[in-house]
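As C-alpha cells, the structure follows; a few thoughts come after it.
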Amino acid sequence: MSRPDPIELPSQYAPSEVEGPRYERWEKAGYFVADAYSAAPAYCIVIPPPNVTGFLHIGHALNHTLIDALVRRRRMQGYNTLWLPGMDHAGIATQNVVERELAKEGLSRHDLGREAFVERVWQWKAESGGKILGQMRRLGDSVDWSRERFTMDEGLSRAVQTIFKQLFDDGLIYRAERIINWCPRCLTALSDIEVDHSDDEGELISIRYGGVGEDQANDSIVVATTRPETMLGDTAVAVHPDDARYTRLVGKTVELPLTGRRIPVIADDHVDPSFGTGAVKVTPAHDPNDFEIGRRHDLPSLTILDEHGVITAHGPFQGLDRFEARPAVVAALREQGRIVSEVRPYLHAVGHCSRCSTTVEPRQSLQWFVRVAPLAKAAGDAVRDGRVRLHPPEMNARYFAWVDDMHDWCISRQLWWGHRIPVFYGPDGEVCCVGPDEQPPAGWHQDPDVLDTWFSSALWPFSTLGWPDDTPDLRAFYPTSVLVTGYDILFFWVARMMMFGLYAMRGAEPADAVPFRVVALHGLVRDQFGKKMSKSRGNTVDPLDWVDRFGADATRFTLARGANPGADVAISEEWAAGSRNFCNKLWNAVRFALLNGAHVPAAPLSADTLSVPDRWILSRLSAVISDVDELFEAFEFGKICDILYHFAWDEVCDWYLELAKVPLASGDPQVAGTTRQALGFVLDRLLRLLHPVMPFVTEELWTALTGEESVTVASWPAFRQPDPVAEAEISSVMRLVTEVRRFRSDQGLRPGQRVAARLVGVEGSPLARHEQSIRSLLRLDPPADGFAASASLAAEGIAVELDVAGAIDVAAERRRLEKDLAAARSEAEQAARKLDNAEFTAKAPAEVVAKTRRRLEAAGSDITRLEQRLAAMQGGPST
RNA sequence: GGGCGAUUGGCUCAGCGGGAGAGCGCCUCGUUCACACCGAGGAGGUCACUGGUUCGAUCCCAGUAUCGCCCACCA
C-alpha cells in the first residue's frame with residue numbers, strides 16, 4: 001500500500017511516459033487472458049481481423065476503442081472476458097504486396113513456382129506482416145494475446161476444409177461455367193463485393209447491323225452499345241417480343257459487320273424497347289445479361305478476349321488490348337458507314353477491381369460457387385426472429401435487402417496465396433472433395449484455385465475458438481456476445497458470418513447457433529467538415545501520430561465521444577487537443593486531492609457525517625453511474641463520454657473541489673477528514689467509470705490515489721445514494737453564486753477582487769449553512785465596521801448587499817437590468833398565453849399546467865424584483 | 001433504377017410532442033495557493049421550405065428542395 005509522494009506528481013500529464021510501461025505491466029500480469037473454465041459469465045468479442053498487410057488507421061482506432069471500452073467494463077464487472085485478436089491473410093492484397101516485392105528483384109511469382117512463392121509469402125509475413133498488432137498495444141487494446149489467430153493457421157485451415165466439405169456434400173457448393181467478374185490485372189475472379197462501381201464517362205454508340213445501301217431498309221437493324229469491341233463476339237441481336245418495329249426481322253439473320261458472320265435476330269423480354277434503339281447486341285461470353293439471353297435461346301458463346309483483356313478473335317484486331325480495340329473497331333465501322341449517329345457521351349456504372357482499380361471484365365469461366373439461398377434465408381431469419389439484434393435497428397432494412405436478394409457467391413480465386421480448394425480430380429474427370437483428415441486417391445490432382453479471403457473470414461467467430469473440435473473455448477465463448485464493426489462491412493462480412501455460423505452450428509439450439517447475439521455498428525471516421533478521409537484529399541489522420549502528440553487516452557476519448565450508433569464520426573485536431581486537456585484536468589483534480597490528503601475510505605461513507613456538498617456530489621455520482629450503465633447497454637459511446645466529461649469537469653472540478661476547499665482548509669480534523677474521504681471516494685469511482693475509454697491516465701491516477709494494483713481489475717461502480725435534498729440545496733447555492741458572479745462581472749469587478757458583503761435574510765434559509773462556501777466562491781469578505789451597501793441584488797430568497805463603492809458602472813448595470821426585465825416579461829407573457837388557453841388547461845396534463853404556472857410565477861417575481869431595482873437606481877443615489 | 005438517412009448557433013453534432021443544448025471557435029475580464037492543456041462572465045439559432053394532425057410541433061404525417069450513403073447486369 002505504498003503511495004507515491006503526491007508532491008511528486010507534476011502539474012501536467014505526460015502520456016508518453018505512462019502508456020508503454022503500463023501496457024507492459026497489464027500484459028505481464030495476465031489481466032487480459034480469459035479462462036475457458038471460469039464459472040463467471042462469459043463475455044466475448046472477436047476482433048474484426050485486420051489484413052496482415054495493414055497498418056492501424058483511424059477506422060481501426062475507432063473500432064478498437066469501442067470494443068475495448070465494452071470489454072474493459074465487462075471485465076471490471078466480473079465477466080470472464082475475452083477479446084480475441086488476430087489477422088486476416090487477405091489473399092489478393094497480400095499476394096500483390098509480395099509480387100511487388102518480387103518485381104523489384106525482376107521476378108514474377110511464376111519464376112518462383114507456386115510452392116516457393118507461398119513460402120515467400122510466409123517469410124514476408126514473419127518479417128513485415130502484422131505491424132498492426134504492435135500498434136494495437138499502443139492504443140491500449142486489452143486483447144488476449146495468448147489466443148491470437150491468423151486465418152491461415154493450421155486450426156483455421158482445418159475449419160475451412162471441414163465446412164467446405166460439409167457444404168459440398170450438402171450440395172451447397174458447386175462448380176459451374178458462369179459469367180464472373182474478372183480482373184485482367186490480378187488475373188483472378190472476383191466476387192461482387194470485390195468490385196467497386198463508379199459512374200464513368202463512356203460513349204453510347206449506335207451501329208447498323210445487316211445490309212447497307214439499298215438493302216438497308218429491309219434487313220438491317222441498329223444496336224446501341226457502350227462496348228463496340230465486343231461485337232466481335234456477338235452471336236445474336238435481341239429485341240423485345242412486342243416491339244412492332246422489329247417483328248418482321250425476328251427469326252431472320254443479319255450480317256455482323258467486320259466479320260462476315262450472319263447472326264439471328266431474336267425476341268427476349270429482357271430488352272427494354274425504350275432504351276437506345278430497342279435492339280441489343282448479344283455477346284454471351286462477355287456480358288452477364290447476354291449470357292442469360294444466350295442460355296435462353298441456346299446461342300453459341302464466342303470468347304474474344306483472353307484473361308489479360310486482349311482480343312483473341314482472328315482478324316485485324318487480334319492482339320489489341322480491349323481499350324485499344326474499342327477505337328479501332330469504331331474506326332473500321334465508320335469506314336463502312338456503320339456508325340449511324342454521332343457517338344454521344346454516356347455516364348454509366350463501370351466495375352473496378354477493389355484491389356487495383358482495373359476495370360473489371362465480365363468473363364465466362366468455370367468457377368466454384370456457394371449456393372447462398374438457403375444460407376441467406378437462415379441468416380435473415382436469425383435477425384427477423386430476434387436471435388441476433390442489429391444495433392441501431394435502422395440497419396435491419398439494409399441487412400434484409402442484402403440477405404434476401406443475394407447472388408450465388410463465387411468463391412474460387414486464381415491466386416496462390418489462400419486456402420486451396422480441397423477438391424481433387426481423377427484421370428477421367430472424376431471429382432472428389434477431401435475433408436481435413438482424408439487423403440485423395442493416388443494420382444489425382446488438386447484444383448489449383450484458392451478460396452476467396454472472405455470465405456475464411458466468415459468462419460472467424462468459431463474457427464478462432466477451435467471449431468470443428470468441441471473445445472473448451474468454443475463451449476465457453478460461442479456464441480460471441482457482440483460484434484462491433486463499421487456499417488460498411490455489414491454485408492461483406494457480417495452477413496457471411498451469419499450464414500456460415502448458423503450452418504456450422506446447425507446442430508445446436510437455434511438460439512445458440514448464432515455467431516453473435518448483437519451486432520453493434522458504428523460509422524466511418526470523417527474529418528472536421530464531415531468529409532471522408534482520403535489520401536488524395538490529404539485529410540487523413542494517423543492515429544499513432546495522435547497517440548504521440550496527445551496520448552492514447554485523448555485519441556480514444558475523441559473517437560468515442562464522436563461515436564453515435566450507426567453514425568459517422570467527425571474528428572479534428574482541436575477535438576483531440578480538447579481531450580488531452582480533459583486528461584490533464586483529471587490529472588490535476590487527483591493531484592489536488594492527493595495534495596490535500598484525500599483517500600478512499602475503508603468503510604462505506606455514512607450519510608450522517610457527510611457535509612451537504614459531499615452528499616450532493618455522491619448523489620450526482622450515483623445518477624451518473626446509472627446513466628452510464630444504461631448508455632453502455634445501448635452502445636451510446638458519445639453520450640457516455642459526454643456525461644462523464646461534464647460530471648468530471650463541471651460538477652466535480654468546478655463546483656465540488658471549490659466547495660471542498662472550505663472544509664479542507666478549516667483546520668477542523670473531523671470536517672476535513674470527512675471531505676478527504678468523500679473526495680477520495682468520488683475520484684476513485686470517477687476513474688473507474690472513465691477507465692474503459694481512457695485506460696492509461698485512469699490507471700496511473702487510480703493507483704496513485706488508492707495504492708492498489710490496477711483499476712483494470714477493480715470492480716465496476718454500483719453505487720446508489722440519491723439525495724434530492726442535498727441536490728436541491730447545492731443547486732440553490734450554484735444559482736446564487738452564478739447570479740452574483742454575473743453581477744460582479746457586469747460591474748467590471750475583477751474576478752479576484754475581494755469585496756465586503758452582507759447576506760441579508762440568509763438566516764433561516766437553507767443557504768445559511770453554506771454561507772462560508774458562498775463567500776469563498778465569490779470572494780466576499782464579511783461586513784466590517786462602517787460597511788455601507790452600495791449595490792444589492794436578490795437571488796434565491798436572500799439579498800446580497802455589496803460594498804463596491806466606486807467600482808460600479810451604473811449605466812452597464814441599468815442596461816443589464818433592462819435586458820433581464822425584457823426577457824422576464826417575454827417569459828411571463830409566453831407562460832401566461834399558454835395558461836389563458838382554456839382548452840390547454842382542460843386538455844393538457846396537470847403536471848404540464850402546474851409547471852407552466854410555476855414558470856409564470858417565477859417570471860412574475862423576477863419582473864417585480866427587477867422593476868424595484870431599476871426604480872431604486874433611478875431614484876437612488878448615484879455612486 | 002431501387003432502398004436508407006440527413007437538413008438544429010461559425011464548425012461538428014446531441015435533443016425529438018409542452019421552457020432551444022454540448023464541444024470547439026468567438027468576445028470581455030483575470031498572474032485567486034490542482035490545472036493558462038486554466039478560471040469567471042458573455043454574444044450567437046424564426047431547429048431547410050410548404051401544408052396537415054394537435055390545446056400545443058424542432059420533434060408526428062405528407063409534399064418540396066438540397067446533401068450524403070448503400071445496393072443494382074438496362075445494353
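Every chain is numbered from 1, with letters handed out A, B, ... down the list of sequences. Bear in mind the structure is a predicted one, so any value in this text is a computation, not a measurement.
For the atom pair A/R178 CZ and A/Q364 CD, the distance stands at 11.0 Å (nearest 0.5 Å).
Shown here are the ring-ring contact (aromatic ring centres under 6.0 Å, His included) partners of A/F291, two or more places apart in sequence or in another chain: there are none. Applying the salt bridge (charged side-chain N to carboxylate O under 4.0 Å, His left out) criterion to A/E229, with sequence neighbours excluded, gives A/R227, A/R326. Not counting sequence neighbours, the partners of A/H391 by the ring-ring contact (aromatic ring centres under 6.0 Å, His included) test are A/F635. Listed by chain and number, the residues in a side-chain hydrogen bond (donor to acceptor under 3.5 Å, both in side chains) with A/E573 are A/R549 (sequence neighbours excluded). Residues passing the ring-ring contact (aromatic ring centres under 6.0 Å, His included) test with A/W587 are A/Y13, sequence neighbours excluded. Residues passing the ring-ring contact (aromatic ring centres under 6.0 Å, His included) test with A/Y487, sequence neighbours excluded: none. Contacts of A/V280 classified as side chain to side chain contact (heavy atoms under 4.5 Å, CB included), with partners at least two apart in sequence or in another chain: A/V271.
Evaluation of the side chain to side chain donor-acceptor pair (under 3.5 Å) test over residues 827-853 of chain A, restricted to residues two or more places apart or in two chains, returns A/E827-A/R855, A/Q830-A/R855.
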Once base and sugar-phosphate atoms are separated, protein heavy atoms under 4.0 Å mark nucleotides 21-36 of chain B, 5' to 3', with B, S and - as -SBS----BS-B-BB-
Nucleic acid footprint by protein, nucleotides 52-58 of chain B - heavy-atom cut-off 4.0 Å, B for base, S for sugar-phosphate alone: ---B---
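For A/R526, whose side chain is taken as the heavy atoms from C-beta onward, the closest listed nucleotide among B/A40, B/C69, B/C37 is B/C69. Among B/A40, B/A75, B/A14, the nucleotide with an atom closest to any side-chain atom of A/N564 is B/A14.
No cation-pi contact links A/R561 to A/F637, judged by a cut-off of 6.0 Å to the six-membered ring centre and 45° from its axis.
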Sort me out a list of protein N/O and nucleotides 1-8 of chain B N/O pairs below 3.5 Å, or just none if empty.
none

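Taking the six-membered ring where the residue is Trp, A/W649 and A/F582 present parallel rings, their angle staying beneath 30° rather than reaching 60°. In this pair, A/F550 and A/W546 present their aromatic rings perpendicular. The plane angle is above 60°, beyond the 30 to 60° band.
Using P as the reference atom, B/A20 and B/C33 are 40 Å apart when rounded to the nearest Å.
In this structure, A/K639 reaches the sugar-phosphate backbone alone: every heavy-atom distance under 4.0 Å involves primed, P, OP1 or OP2 atoms, never a base. Within 4.0 Å (heavy atoms only), A/R580 reaches at least one base atom of the nucleic acid. Within the nucleic acid shown, A/R855 comes within 4.0 Å of at least one base atom, counting heavy atoms only. Across all strands shown, A/E292 has no heavy atoms under 4.0 Å from either base or sugar-phosphate atoms.
Between A/L190 and A/W182, every side-chain heavy-atom pair lies at or beyond the 4.5 Å cut-off.
The strand RNA chain B forms stems, runs of 3 or more Watson-Crick or G-U wobble pairs with distances below 3.5 Å, at B:1-7 with B:65-71, B:10-13 with B:21-24, B:26-30 with B:38-42, B:48-52 with B:60-64.
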